[in-house]
Number of protein chains: 2
Amino acid sequence: MAKRSNGPGERISEAEHAIMEVLWDRNPISAAEVCDAICAERDWSIPTVKTLLSRLVQKQAVGTEPEGRKFLYRPLIARSDYVGGESRRLVDRLFGGRAAPLFAQLAESEALTDDDLSEIEALLREMRK
Amino acid sequence: MAKRSNGPGERISEAEHAIMEVLWDRNPISAAEVCDAICAERDWSIPTVKTLLSRLVQKQAVGTEPEGRKFLYRPLIARSDYVGGESRRLVDRLFGGRAAPLFAQLAESEALTDDDLSEIEALLREMRK
DNA sequence: GGCGCAGGTTTACAATCGTAGTCATTGCGG
DNA sequence: CCGCAATGACTACGATTGTAAACCTGCGCC
């Protein structure tokens with residue numbers, strides 16, 4: 001194995017993920033617009049954005065549609081899928097697939113605000129019903 | 001910036017993490033013993049393990065103590081610290097630092113077993129008290 | 001007492017990643 | 001109608017990662 005090339009399967013890197021966030025937020029948009037959205041924040045130049053976009057297109061995480069003679073980009077994978085996958089990966093890798101220890105960990109490291117607690121309680125009630 | 005060399009600060013990679021898990025499980029142990037523990041599972045050879053161990057030593061994630069004329073390795077960072085850091089990174093990157101959405105995500109992707117739910121409920125009660 | 005073996009150190013090397021420059025094209029403003 | 005600016009494609013290049021071989025050294029065995 002080692003190389004899954006199944007559909008939208010290649011892993012998305014950190015920098016690429018930043019691009020994805022922009023696209024999830026607003027799409028379809030042009031490379032220039034993507035840059036407008038993050039170049040300042042991440043201190044990137046347009047070429048960098050273009051490279052990342054191409055790589056995402058290769059990985060089939062992003063699709064293009066011609067608009068005039070330029071491209072508009074749009075995500076091909078849903079944010080919830082990505083986020084779900086990454087979360088699961090973490091839980092699998094660090095907590096043997098069990099979510100409770102993750103929760104305990106976050107609790108212990110004080111990464112849980114009161115708001116979080118309330119929301120989670122609410123969710124729990126929802127699910128338990 | 002770009003290169004934090006603060007204390008035990010360099011990022012630990014996936015493969016390196018596998019080594020760490022072995023060390024957290026049992027330490028101090030020799031390179032050979034580490035290999036005994038994972039070489040089969042990950043299909044690695046001794047040289048690979050040695051390389052990863054050296055890198056971890058460089059990164060100050062693992063310490064050595066001479067035993068006879070060989071080394072015994074032991075982790076220098078606590079598993080809970082690593083796990084906490086990684087969890088937080090994920091929560092920051094994907095959920096804007098809020099844990100509740102992570103929880104919701106796991107719930108939605110059915111990554112939560114009934115046991116998880118019960119445990120989390122228990123934890124919640126604990127914390128709320 | 002020389003040799004192989006265990007074990008650490010160095011070197012290797014391809015793939016991915018972060019970051020960006022160069023090149024080619026083409027439509028637009030003048 | 002022509003050069004320029006925008007834009008996508010290609011190239012670059014150092015760092016990290018995964019994976020491992022080559023090498024060196026000293027200890028124990030024959």
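A note on names: the letters A, B, ... follow the listed sequences, proteins ahead of strands, and every chain is numbered from 1.
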Quick note, A:Y73 side chain, CB onward, closest among D:dG8, C:dC17, D:dA21 is D:dG8
Do the side chain of B:T51 and the main chain of B:P47 share a donor and acceptor less than 3.5 angstrom apart?
yes
Nearest heavy atoms of B:H17 and B:W24, plus distance in Å
CD2-CZ3, 4.1 Å
Answer yes or no: side-chain N or O of A:R11 and base N or O of D:dT17 forming a donor-acceptor pair under 3.5 Å.
no
Rounding to an integer number of Å, can you tell me how far B:H17 NE2 sits from D:dG18 C1'?
16 Å
With a 3.5 Å cut-off and just heavy-atom distances, do the side chain of B:R42 and the base of D:dG18 make a donor-acceptor pair?
no
Does the side chain of B:S13 get closer than 4.0 angstrom to OP1 or OP2 of D:dG18 through an N or O atom?
yes
Once you round it to whole Å, what is the distance between P of D:dT16 and CG of B:L56?
15 Å
Side-chain donor or acceptor of B:R55 under 3.5 Å from a matching atom on the base of D:dT19?
yes
Give a yes or no on whether the backbone of A:S13 and the side-chain of A:E16 come within a donor-acceptor separation of less than 3.5 Å.
yes
Nearest-Å distance for atom pair CD/C1', residues B:Q58 and D:dT16:
12 Å
Establish, with yes or no, whether the OP1 or OP2 oxygen of D:dA20 is under 4.0 angstrom from a side-chain nitrogen or oxygen of B:T48.
yes
Earlier contact from the 5' end, DNA chain C, for A:I12 and B:F71:
B:F71
With a cut-off of less than 4.0 Å, is there a side-chain N or O of B:K50 near OP1 or OP2 of C:dG8?
no
Tell me, do B:M20 and B:I77 make a side-chain contact under 4.5 Å, heavy atoms counted?
yes
Whole-Å distance between C:dA20 P and A:L52 CG?
10 Å
Over 12 non-hydrogen atoms of neighbours within 6.0 angstrom of CD in A:E126:
no
Ignoring backbone atoms, test whether B:K59 places a side-chain nitrogen or oxygen under 4.0 Å from the OP1 or OP2 oxygen of D:dT17.
yes
Under 3.5 Å: donor-acceptor pair, side chain of A:S87, backbone of A:V83:
yes
What I want to check is whether the side chains of A:E33 and A:S30 have a donor and an acceptor closer together than 3.5 Å.
yes
Please report the distance, rounded to the nearest Å, between CD1 in B:I46 and P in C:dG7.
8 Å
D:dA9 P sits how many Å from A:K70 NZ, rounded?
14 Å
Residues from residues 29-41 of chain A lying under 4.0 Å of DNA chain D - heavy atoms:
A:A31, A:A32
Give a yes or no answer on whether the side chain of A:E119 reaches the backbone of A:D116 with a donor-acceptor pair at less than 3.5 Å.
no
With a 3.5 Å cut-off and heavy atoms only, can you find an N or O donor on one side and an acceptor on the other between the side chain of B:R69 and the base of D:dG28?
no
Looking at C:dG18, D:dA20, C:dG21, which one has an atom nearest to any side-chain atom of B:S45?
D:dA20
For A:I19 and C:dC17, give me the distance from atom CD1 to atom P, rounded to whole Å.
14 Å
Can you tell me how far C1' of C:dT16 sits from CD of A:E16, to the nearest Å?
9 Å
Using a cut-off of strictly less than 4.0 Å, decide whether A:T51 has a side-chain nitrogen or oxygen near OP1 or OP2 of C:dA20.
no
